[in-house]
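Quick notes on the structure that follows.
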Amino acid sequence: KSDCESLREMERRINRDLEDNIDTVESLILLASSYNKLGDHERSKDIDVKVFEMLSRIYGNIDMRTLKAMDNIANDYCDLKDYTKANEYNMKSYEIKKDNYGEHDIETIRSLKNIAKVYSRSGDYKKAIELNEQIYEILVSLFDIYYPQALDTLSDLSKDYYKLNNLEN
């Protein structure tokens with residue numbers, strides 16, 4: 001059997017026994033990740049939506065596990081090049097995290113990075129740069145310039161400046 005056929009068989013078994021429990025959710029998360037790695041982003045998104053709905057019922061809409069599922073849906077839309085939909089999910093996740101966990105929570109900041117990533121992938125380098133500069137300042141003020149996410153943000157900034165410069169020349 002091919003990888004796709006094996007995954008589809010696993011999906012049929014999971015869907016047949018679908019219940020709102022964490023074991024089923026974990027199986028679906030692995031299945032969505034496998035489809036994503038194979039490049040089937042549409043199927044990955046559909047499964048991630050199921051995961052989000054199940055986690056919402058199990059834990060509620062503000063639980064970090066549910067919000068991570070929302071982030072996964074945003075990433076699926078980004079992989080599908082539907083950047084508007086991707087940032088709708090990213091913005092919603094960011095707002096919920098900011099309101100419930102605080103503006104300086106690392107997961108809230110990660111949501112901002114996801115928004116910047118979508119701006120960059122969609123070619124809106126100016127917005128990506130503006131947001132990454134804000135993220136960098138927040139991270140340096142909370143930690144220091146050597147904090148791994150601060151360094152990652154500097155790397156993102158350099159890539160976006162490079163792409164913007166190439167676009168303008």
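Counting only N and O atoms by type, the side chains of Asn61 and Ser56 include a donor and acceptor under 3.5 Å apart. Counted by atom type alone, Asn75 and Lys117 present one or more donor-acceptor pairs between their side chains at under 3.5 Å. Using modelled atom types and a 3.5 Å distance limit, the side chains of Asp71 and Asn90 yield no donor-acceptor pair. Using modelled atom types and a 3.5 Å distance limit, the side chains of Thr153 and Lys113 yield a donor-acceptor pair. Side-chain atoms of Asn36 and Ser33 form no donor-acceptor pair, as typed in the model, at a separation below 3.5 Å.
Across every non-hydrogen atom of Asn87 and Ile115, the tightest pair is OD1-CA, 3.4 Å. Closest of all the heavy-atom pairs between Ser93 and Met70 is N-SD, 3.5 Å. When every heavy atom of Leu131 is checked against every heavy atom of Ala116, the shortest pair comes out as CD2-N, 3.6 Å. Scanning both residues, Ile135 and Ile109, for their nearest heavy atoms gives CG2-CG2, 3.9 Å.
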task = Apply side chain to side chain contact (heavy atoms under 4.5 Å, CB included) to Tyr101 and Ile106, showing your working.
result = CA-CA 9 Å; Tyr101 298 97; Ile106 199 66; over 6 Å; no

request  = Test side chain to side chain contact (heavy atoms under 4.5 Å, CB included) on Tyr94 and Leu112 and set out the steps.
outcome  = CA-CA 7 Å; Tyr94 168 72; Leu112 280 178; 3.5 Å; yes

ask   = Going through the checks in order, is the side chain to side chain contact (heavy atoms under 4.5 Å, CB included) test met by Leu67 and Lys97?
value = CA-CA 8 Å; Leu67 295 171; Lys97 289 174 185 175; 3.6 Å; yes

request  = Would you check, one step at a time, whether the test ring pair (Phe, Tyr, Trp, His ring centres under 6.0 Å) holds for Tyr119 with Tyr125?
outcome  = CA-CA 6 Å; Tyr119 286 145; Tyr125 304 117; over 10 Å; no

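Rounded to the nearest 0.5 angstrom, Met54 CE and Thr66 OG1 are separated by 11.5 Å. Rounding to the nearest 0.5 Å places CD of Glu53 at 7.5 Å from CD1 of Ile73. Atom CD1 in Ile29 sits 6.0 Å away from atom CG in Leu55 (nearest 0.5 Å). Between the CD1 atom in Ile96 and the CG atom in Asp63 there is a gap of 11.5 Å [rounded to 0.5 Å]. Note: Tyr136 OH to Leu151 CG = 7.5 Å, rounded to the nearest 0.5 Å. Taken to the nearest 0.5 Å, the OG atom of Ser111 stands 9.5 Å off from the NZ atom of Lys68.
Grouping the Ile, Leu, Val, Met, Phe, Trp and Tyr side chains by contacts below 4.5 angstrom, directly or via other members, places Leu28 with Tyr59. Tracing side-chain contacts under 4.5 Å through hydrophobic residues (I, L, V, M, F, W, Y), one reaches Met64 starting from Phe52; they form part of the same cluster.
At least one side-chain heavy atom of Tyr161 sits under 4.5 Å from a side-chain heavy atom of Ile129.
Remark: Glu42 engages Lys45 in a salt bridge, criterion side-chain N to carboxylate O under 4.0 Å.
Each of Lys85, Arg43, Lys37, Arg121 was scored for a salt bridge (Lys or Arg N to Asp or Glu O under 4.0 Å) with Asp79, with one residue passing: Arg121.
Counting heavy atoms of neighbouring residues, nucleotides and ligands inside a 6.0 Å radius, atom CZ of Phe143 exceeds 12 of them. No more than 12 heavy atoms of other residues, nucleotides or ligands lie within 6.0 Å of NZ in Lys92, so this atom counts as exposed by the packing criterion.
Side chain of Thr108 to backbone of His104: no donor-acceptor contact under 3.5 angstrom is found.
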